[in-house]
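Working notes for the structure below.
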Amino acid sequence: GAVVSQHPSRVICKSGTSVKIECRSLDFQATTMFWYRQFPKKSLMLMATSNEGSKATYEQGVEKDKFLINHASLTLSTLTVTSAHPEDSSFYICSARGGWERSYEQYFGPGTRLTVT
Amino acid sequence: AQTVTQSQPEMSVQEAETVTLSCTYDTSESNYYLFWYKQPPSRQMILVIRQEAYKQQNATENRFSVNFQKAAKSFSLKISDSQLGDTAMYFCAFMRVIGGATNKLIFGTGTLLAVQP
(Lines give C-alpha, C1' and ligand atoms only; values in the text may rest on other atoms or scores of the structure.)
Protein backbone atom coordinates (compact mmCIF):
# COMPACT_ATOMS: atom_id res chain seq x y z
CA GLY A 1 0.00 0.00 0.00
CA ALA A 2 0.88 3.67 -0.21
CA VAL A 3 3.17 5.17 2.41
CA VAL A 4 2.72 8.37 4.35
CA SER A 5 5.49 9.69 6.55
CA GLN A 6 5.45 12.23 9.33
CA HIS A 7 8.30 14.21 10.78
CA PRO A 8 9.19 14.52 13.56
CA SER A 9 7.80 11.48 15.36
CA ARG A 10 8.26 13.19 18.71
CA VAL A 11 8.84 16.81 19.59
CA ILE A 12 9.15 18.70 22.83
CA CYS A 13 8.86 22.45 22.77
CA LYS A 14 8.60 25.24 25.27
CA SER A 15 5.39 27.10 25.89
CA GLY A 16 5.04 30.08 23.57
CA THR A 17 7.12 28.66 20.74
CA SER A 18 5.89 27.30 17.41
CA VAL A 19 6.42 23.84 16.05
CA LYS A 20 5.99 22.47 12.53
CA ILE A 21 4.97 18.93 11.66
CA GLU A 22 5.46 17.61 8.13
CA CYS A 23 3.35 15.03 6.38
CA ARG A 24 4.56 13.49 3.13
CA SER A 25 3.05 11.01 0.71
CA LEU A 26 6.04 9.00 -0.47
CA ASP A 27 4.81 7.11 -3.50
CA PHE A 28 1.64 8.78 -4.65
CA GLN A 29 0.22 12.23 -5.21
CA ALA A 30 -2.07 13.26 -2.42
CA THR A 31 -4.79 15.57 -3.66
CA THR A 32 -6.26 15.75 -0.18
CA MET A 33 -4.63 15.55 3.23
CA PHE A 34 -6.26 15.40 6.61
CA TRP A 35 -4.97 16.37 10.03
CA TYR A 36 -6.22 14.68 13.18
CA ARG A 37 -5.63 15.08 16.86
CA GLN A 38 -5.91 12.13 19.22
CA PHE A 39 -5.98 12.04 23.01
CA PRO A 40 -5.01 8.85 24.87
CA LYS A 41 -7.48 6.03 24.37
CA LYS A 42 -9.77 8.31 22.39
CA SER A 43 -10.86 8.47 18.81
CA LEU A 44 -9.31 10.59 16.11
CA MET A 45 -10.63 14.12 15.99
CA LEU A 46 -10.47 15.70 12.55
CA MET A 47 -8.92 19.15 12.70
CA ALA A 48 -8.84 20.15 9.05
CA THR A 49 -8.90 19.02 5.45
CA SER A 50 -6.46 20.46 2.97
CA ASN A 51 -6.30 20.32 -0.78
CA GLU A 52 -3.15 21.07 -2.71
CA GLY A 53 -2.86 24.72 -3.57
CA SER A 54 -5.89 25.92 -1.67
CA LYS A 55 -6.74 26.97 1.86
CA ALA A 56 -7.51 24.30 4.41
CA THR A 57 -11.04 23.71 5.62
CA TYR A 58 -11.10 23.65 9.41
CA GLU A 59 -13.55 21.75 11.57
CA GLN A 60 -15.76 23.67 13.92
CA GLY A 61 -13.95 24.69 17.06
CA VAL A 62 -10.45 24.40 15.60
CA GLU A 63 -8.55 27.70 15.67
CA LYS A 64 -7.17 28.29 12.20
CA ASP A 65 -4.75 30.96 13.43
CA LYS A 66 -3.30 28.57 15.97
CA PHE A 67 -3.09 25.49 13.76
CA LEU A 68 -1.70 26.66 10.44
CA ILE A 69 -1.97 24.16 7.63
CA ASN A 70 -0.17 24.44 4.34
CA HIS A 71 -0.53 22.01 1.45
CA ALA A 72 2.02 23.43 -0.92
CA SER A 73 2.54 20.40 -3.13
CA LEU A 74 0.90 17.10 -3.99
CA THR A 75 3.24 15.27 -1.64
CA LEU A 76 3.64 17.61 1.32
CA SER A 77 1.40 19.17 3.91
CA THR A 78 2.54 20.91 7.07
CA LEU A 79 0.82 21.66 10.36
CA THR A 80 2.29 24.48 12.42
CA VAL A 81 1.18 24.84 16.01
CA THR A 82 1.75 28.50 16.80
CA SER A 83 2.42 29.83 20.29
CA ALA A 84 2.06 26.35 21.70
CA HIS A 85 0.75 25.82 25.22
CA PRO A 86 0.66 22.71 27.41
CA GLU A 87 -2.95 22.03 26.44
CA ASP A 88 -1.78 21.59 22.84
CA SER A 89 0.18 18.53 23.91
CA SER A 90 -1.30 15.63 22.00
CA PHE A 91 -0.77 13.03 19.31
CA TYR A 92 -1.19 14.48 15.82
CA ILE A 93 -1.86 12.21 12.85
CA CYS A 94 -2.00 13.09 9.19
CA SER A 95 -3.52 11.08 6.39
CA ALA A 96 -3.51 11.41 2.64
CA ARG A 97 -5.81 10.47 -0.16
CA GLY A 98 -4.99 10.20 -3.85
CA GLY A 99 -7.00 10.95 -6.95
CA TRP A 100 -10.39 9.66 -7.97
CA GLU A 101 -9.24 6.10 -8.63
CA ARG A 102 -8.22 5.93 -4.98
CA SER A 103 -10.84 8.24 -3.62
CA TYR A 104 -11.91 5.90 -0.85
CA GLU A 105 -8.40 4.94 0.25
CA GLN A 106 -6.92 7.03 3.04
CA TYR A 107 -3.38 6.35 4.15
CA PHE A 108 -2.24 7.36 7.60
CA GLY A 109 1.07 8.64 8.81
CA PRO A 110 2.66 7.18 11.96
CA GLY A 111 1.79 10.23 14.03
CA THR A 112 3.69 12.90 15.93
CA ARG A 113 3.69 13.18 19.68
CA LEU A 114 3.87 16.82 20.73
CA THR A 115 4.74 17.74 24.29
CA VAL A 116 4.65 21.38 25.30
CA THR A 117 6.46 22.19 28.54
CA ALA B 1 -25.20 14.27 9.78
CA GLN B 2 -23.65 10.87 9.92
CA THR B 3 -22.77 9.22 13.21
CA VAL B 4 -20.91 6.03 14.09
CA THR B 5 -21.45 4.22 17.38
CA GLN B 6 -19.29 1.57 18.97
CA SER B 7 -20.98 0.42 22.14
CA GLN B 8 -18.16 -1.76 23.47
CA PRO B 9 -15.35 0.37 24.94
CA GLU B 10 -13.27 -2.68 25.84
CA MET B 11 -13.29 -6.36 25.01
CA SER B 12 -11.14 -9.34 25.82
CA VAL B 13 -10.68 -12.64 24.03
CA GLN B 14 -8.55 -15.70 24.50
CA GLU B 15 -5.94 -16.46 21.91
CA ALA B 16 -7.27 -18.66 19.06
CA GLU B 17 -10.88 -17.81 19.86
CA THR B 18 -13.33 -15.69 17.88
CA VAL B 19 -14.53 -12.23 18.84
CA THR B 20 -17.06 -9.87 17.30
CA LEU B 21 -16.89 -6.11 17.59
CA SER B 22 -20.07 -4.18 17.00
CA CYS B 23 -20.67 -0.96 15.12
CA THR B 24 -23.82 0.86 14.16
CA TYR B 25 -24.15 4.00 12.11
CA ASP B 26 -26.73 6.49 11.07
CA THR B 27 -27.01 8.06 7.64
CA SER B 28 -29.55 9.06 5.05
CA GLU B 29 -27.12 8.29 2.23
CA SER B 30 -27.72 5.21 0.09
CA ASN B 31 -24.16 4.80 -1.11
CA TYR B 32 -21.18 4.92 1.19
CA TYR B 33 -18.15 3.06 2.45
CA LEU B 34 -17.60 1.44 5.81
CA PHE B 35 -14.22 0.62 7.27
CA TRP B 36 -12.60 -1.04 10.21
CA TYR B 37 -9.24 0.38 11.23
CA LYS B 38 -6.84 -1.09 13.74
CA GLN B 39 -4.56 1.04 15.91
CA PRO B 40 -1.99 -1.10 17.76
CA PRO B 41 0.17 0.26 20.59
CA SER B 42 2.48 1.79 17.96
CA ARG B 43 -0.49 4.05 17.14
CA GLN B 44 -0.12 3.52 13.39
CA MET B 45 -3.59 3.35 11.85
CA ILE B 46 -4.00 0.25 9.73
CA LEU B 47 -6.92 -0.51 7.44
CA VAL B 48 -8.37 -3.90 8.35
CA ILE B 49 -11.30 -4.20 5.99
CA ARG B 50 -13.56 -2.13 3.74
CA GLN B 51 -17.15 -2.60 2.64
CA GLU B 52 -18.97 -0.77 -0.13
CA ALA B 53 -22.61 -0.25 0.77
CA TYR B 54 -23.88 -1.26 -2.67
CA LYS B 55 -22.33 -4.71 -2.31
CA GLN B 56 -24.50 -7.27 -0.58
CA GLN B 57 -21.67 -9.72 -0.07
CA ASN B 58 -19.83 -9.30 3.20
CA ALA B 59 -16.17 -8.40 2.89
CA THR B 60 -13.54 -10.85 4.09
CA GLU B 61 -9.80 -10.44 4.61
CA ASN B 62 -8.16 -13.61 5.89
CA ARG B 63 -9.20 -13.94 9.56
CA PHE B 64 -11.27 -10.77 9.46
CA SER B 65 -14.82 -10.64 8.17
CA VAL B 66 -17.75 -8.31 8.51
CA ASN B 67 -21.45 -8.74 8.96
CA PHE B 68 -22.97 -5.85 7.03
CA GLN B 69 -26.68 -5.34 7.64
CA LYS B 70 -27.62 -2.29 5.57
CA ALA B 71 -31.24 -2.07 6.66
CA ALA B 72 -30.25 -2.27 10.31
CA LYS B 73 -27.25 0.04 9.72
CA SER B 74 -24.99 -2.42 11.43
CA PHE B 75 -21.40 -3.30 10.54
CA SER B 76 -19.76 -5.75 12.92
CA LEU B 77 -16.23 -7.12 12.65
CA LYS B 78 -15.47 -10.76 13.37
CA ILE B 79 -11.93 -11.79 14.17
CA SER B 80 -11.34 -15.51 13.93
CA ASP B 81 -8.43 -17.40 15.49
CA SER B 82 -7.43 -14.35 17.50
CA GLN B 83 -3.73 -13.70 17.80
CA LEU B 84 -1.73 -11.68 20.31
CA GLY B 85 -0.90 -9.24 17.54
CA ASP B 86 -4.58 -8.42 17.18
CA THR B 87 -4.42 -6.53 20.47
CA ALA B 88 -5.27 -2.98 19.47
CA MET B 89 -7.88 -0.27 19.42
CA TYR B 90 -10.38 -0.90 16.64
CA PHE B 91 -12.24 1.96 15.00
CA CYS B 92 -15.29 1.66 12.81
CA ALA B 93 -15.56 4.44 10.22
CA PHE B 94 -18.04 5.74 7.67
CA MET B 95 -17.45 7.73 4.50
CA ARG B 96 -19.85 9.11 1.93
CA VAL B 97 -19.26 8.36 -1.74
CA ILE B 98 -20.52 11.67 -3.14
CA GLY B 99 -17.81 14.30 -2.99
CA GLY B 100 -14.87 12.09 -3.87
CA ALA B 101 -11.44 12.55 -2.41
CA THR B 102 -12.35 15.34 -0.01
CA ASN B 103 -14.84 13.24 1.89
CA LYS B 104 -13.88 12.78 5.49
CA LEU B 105 -13.98 9.67 7.58
CA ILE B 106 -16.43 9.65 10.46
CA PHE B 107 -14.94 7.55 13.23
CA GLY B 108 -16.58 5.72 16.09
CA THR B 109 -15.21 5.99 19.60
CA GLY B 110 -13.27 2.77 19.32
CA THR B 111 -13.14 -0.64 21.00
CA LEU B 112 -10.01 -1.63 22.86
CA LEU B 113 -9.44 -5.33 22.22
CA ALA B 114 -7.09 -7.34 24.38
CA VAL B 115 -6.10 -10.82 23.25
CA GLN B 116 -5.12 -12.93 26.23
CA PRO B 117 -2.55 -15.74 25.94
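Keep in mind that the numbers below use all heavy atoms, side chains included, and drop hydrogens, waters and symmetry copies.
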For chain B, find its close neighbours in residues 110-117 of chain A: heavy-atom separation under 4.5 Å, sorted by number, or none. A:Pro110, A:Arg113
Where the side chain of B:Gln51 meets the backbone of B:Lys55, is there a donor-acceptor pair that is under 3.5 Å apart? yes
Single-linkage hydrophobic cluster, 4.5 Å side-chain cutoff, B:Ile79 and B:Phe68 together: yes
Given the options B:Thr24, B:Asp26, B:Thr3, B:Lys73 meets side chain to side chain contact (heavy atoms under 4.5 Å, CB included) only with B:Asp26
Ring centroid separation for B:Phe94 and B:Tyr32, is it under 6.0 angstrom? yes
B:Leu47 versus chain A, the contacting section by heavy-atom distance below 4.5 Å: side chain
Between B:Glu17 and B:Ser82, do the side chains contain a donor N or O and an acceptor N or O under 3.5 Å apart? no
Under a 4.5 Å heavy-atom cutoff, which of B:Arg43, B:Gln39, B:Gln44 has the most pairs with chain A? B:Arg43
Starting at NZ of B:Lys104, measure out to OG1 of A:Thr57 and round the result to the nearest 0.5 Å. 9.0 Å
What parts of residues 41-49 of chain A touch chain B if we use heavy atoms and a cut-off under 4.5 Å? A:Lys41, A:Lys42, A:Ser43, A:Leu44, A:Leu46, A:Thr49
Do A:Lys20 and A:Glu22 sit within salt-bridge range, that is, some charged N less than 4.0 Å from a carboxylate O? no
Heavy-atom distances under 4.5 Å only: say whether A:Glu59 touches chain B with side chain, backbone, both or neither. side chain
Would you mind checking which part of B:Met45 comes under 4.5 Å of any heavy atom in chain A, side chain (CB onward), backbone (N, CA, C, O), both or neither? both
Using the ring of each side chain (for Trp, its six-membered ring), is B:Trp36 parallel, tilted or perpendicular to B:Phe75, with breaks at 30° and 60°? parallel
Quick one: does any side-chain atom of A:Ser90 pair with a main-chain N or O of A:Tyr92 as donor and acceptor, under 3.5 Å? no
Using the rule side chain to side chain contact (heavy atoms under 4.5 Å, CB included), only one of B:Ile106, B:Leu105, B:Thr27, B:Leu34 pairs with B:Val4; which is it? B:Ile106
dist B:Thr111:OG1 -> B:Met89:CE (nearest 0.5 Å) comes out at 8.0 Å
